[in-house]
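When a residue number appears, it is its place in the shown sequence, counting from 1.
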Amino acid sequence: MKLNERSLAFYATCDSPADNAGFLYKRGERHTAYHRRWFVLKGNMLFYFEERDSREPVGVIVLEGCNVELCDAAEGFAFAIRFGGTKSRTYVLAAESQAAMESWVKSLSRASFDYMRLVVRELEKQLQEMRSGPAGGCGGSREPPGLWEPKPSGLEQSRERLPALPAILPKENGCAVWNNVLGAARPPDASGCGGHDEEENPRPPPLPPRRRVSNGEAASPGAAGESPSTFCRLHEQYSREVARLRRDWQQRQRGPRP
């Protein structure tokens, strides 16, 4: 991928979620004075700005082939980013608290692709061990890898317990009625005709009479007195669960604020 100054500036200031962000003190390369800068970590790139609301970053540090370690410096809670090679620069940074320093050291240590490659290899090794089964067991039997199947999650188990929907959904006033399942009692036909035609296809029920309310508008016949269908209740339940998991994920991505 071809990178330039403009693309890096856009990536640093776009709305993509950051792995960590906050103020740090950065020691100068020529002068040993520390300057307070706003740092943003995205992937394996560490951007730093003069102020939090700056439109463009002052610089960027690509976190590949480096080590993050604690160091002794004039400022408290200091740590360094050291690159391999004799002419490579060492970046000395300092946090404002012990918790902020630990958070930054952990985030920076896990930002490189080398670390992600090690994590993937370890996960692949654990998956292979799970497929192969335990080394020993009752009777010394071991299942072949092809017979291993993952356990269904809570969402899949909930779907298995749901009643099966008919192949042709009955309709009411042109809309499918989701809570009418196979084997459920059908409402009596007010018109005196059967609920199915000669081909056993469900017939739509007759249009119910409209009720008038005080303001003169026609009220919907099923607007009140009906309980929500099974589909609606499951939709609301899963929506709340997904929203809660998304909030938790966003909080973990932000990390502790300085």
Side-chain angles (χ1 to χ4, degrees), residues 1-123 126 243-258:
M1 182 175 61
K2 189 175 182 179
L3 296 177
N4 51 38
E5 183 178 354
R6 184 176 180 181
S7 61
L8 286 177
F10 174 78
Y11 179 60
T13 56
C14 67
D15 296 334
S16 62
D19 298 322
N20 204 344
F23 283 104
L24 293 174
Y25 293 92
K26 176 180 173 295
R27 192 174 69 180
E29 181 178 7
R30 298 181 179 179
H31 305 283
T32 58
Y34 285 83
H35 302 278
R36 194 169 184 257
R37 297 285 184 259
W38 175 257
F39 282 79
V40 176
L41 175 63
K42 289 187 175 183
N44 63 340
M45 294 185 180
L46 180 63
F47 300 94
Y48 53 96
F49 303 77
E50 288 187 359
E51 298 293 340
R52 183 171 184 173
D53 299 332
S54 299
R55 295 183 178 181
E56 293 184 358
V58 178
V60 60
I61 305 173
V62 181
L63 301 171
E64 293 296 337
C66 62
N67 295 323
V68 182
E69 56 189 27
L70 302 180
C71 65
D72 295 332
E75 293 287 337
F77 312 113
F79 57 95
I81 303 175
R82 302 184 186 276
F83 291 86
T86 56
K87 297 183 179 180
S88 299
R89 179 183 175 182
T90 298
Y91 294 88
V92 179
L93 307 174
E96 296 179 347
S97 64
Q98 179 71 21
M101 181 191 67
E102 295 177 358
S103 175
W104 274 107
V105 170
K106 181 184 297 184
S107 301
L108 296 175
S109 301
R110 299 177 179 181
S112 65
F113 284 107
D114 292 337
Y115 177 82
M116 296 300 298
R117 192 179 296 111
L118 293 176
V119 172
V120 171
R121 289 178 181 175
E122 182 63 24
L123 292 177
Q126 294 179 8
R244 183 183 63 82
L245 294 175
R246 185 173 182 272
R247 289 193 302 269
D248 296 342
W249 177 83
Q250 290 178 345
Q251 292 177 359
R252 289 196 301 270
Q253 291 296 323
R254 295 192 190 101
R257 295 183 178 180

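Here the side chains of Gln126 and Leu123 are in contact, with some heavy-atom distance below 4.5 Å. Leu93 places none of its side-chain heavy atoms less than 4.5 Å from the side chain of Trp104. Phe79 has its side chain within reach of Leu24: a pair of non-hydrogen atoms, C-beta onward, lies under 4.5 Å apart. Considering only heavy atoms from C-beta on, Asn20 stays 4.5 Å or farther from Phe39 through its side chain. Between Leu70 and Met101, some side-chain heavy-atom pair lies under the 4.5 Å cut-off. Residues Ile81 and Cys66 form a side-chain contact, since some pair of their non-hydrogen atoms from C-beta on lies under 4.5 Å apart. At a threshold of 4.5 Å between non-hydrogen side-chain atoms, the residues Lys106 and Glu102 do not count as touching.
From Leu41, atom CG reaches atom CG of Leu108 across 5.5 Å, with rounding to the nearest 0.5 Å. Taken to the nearest 0.5 Å, the CZ atom of Phe83 stands 9.0 Å off from the CD atom of Glu64.
Although no hydrogens or angles enter the test, the distance criterion places no donor-acceptor pair under 3.5 Å between the side chain of Lys26 and the main chain of Arg37. At distances below 3.5 Å, at least one donor-acceptor pair connects side-chain atoms of Ser109 with backbone N or O atoms of Val105.
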Can I get a per-line list of side-chain donor-acceptor pairs under 3.5 Å for residues 45-58, giving both atom names and the distance, sequence neighbours left out?
unit_1	atom_1	unit_2	atom_2	d
Ser54	OG	Glu51	N	3.0
Ser54	OG	Glu51	O	3.2

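Nearest heavy-atom pair across Ala80 and Thr90 is CB-CG2, 4.0 Å. When every heavy atom of Tyr25 is checked against every heavy atom of Glu96, the shortest pair comes out as CE1-CG, 3.7 Å. Taking each heavy atom of Ser112 and Leu63 in turn, the nearest pair found is CB-O, 3.1 Å. Taking each heavy atom of Gly28 and Arg89 in turn, the nearest pair found is C-NH2, 4.2 Å. Listed here is the closest heavy atom pair of Lys42 and Ser16: NZ-OG, 3.0 Å. The nearest pair of heavy atoms linking Gly65 to Asp114 is N-OD2, 4.4 Å.
A salt bridge links Asp248 with Arg244: the distance from a Lys NZ or Arg NE/NH1/NH2 to an Asp or Glu carboxylate oxygen falls below 4.0 Å.
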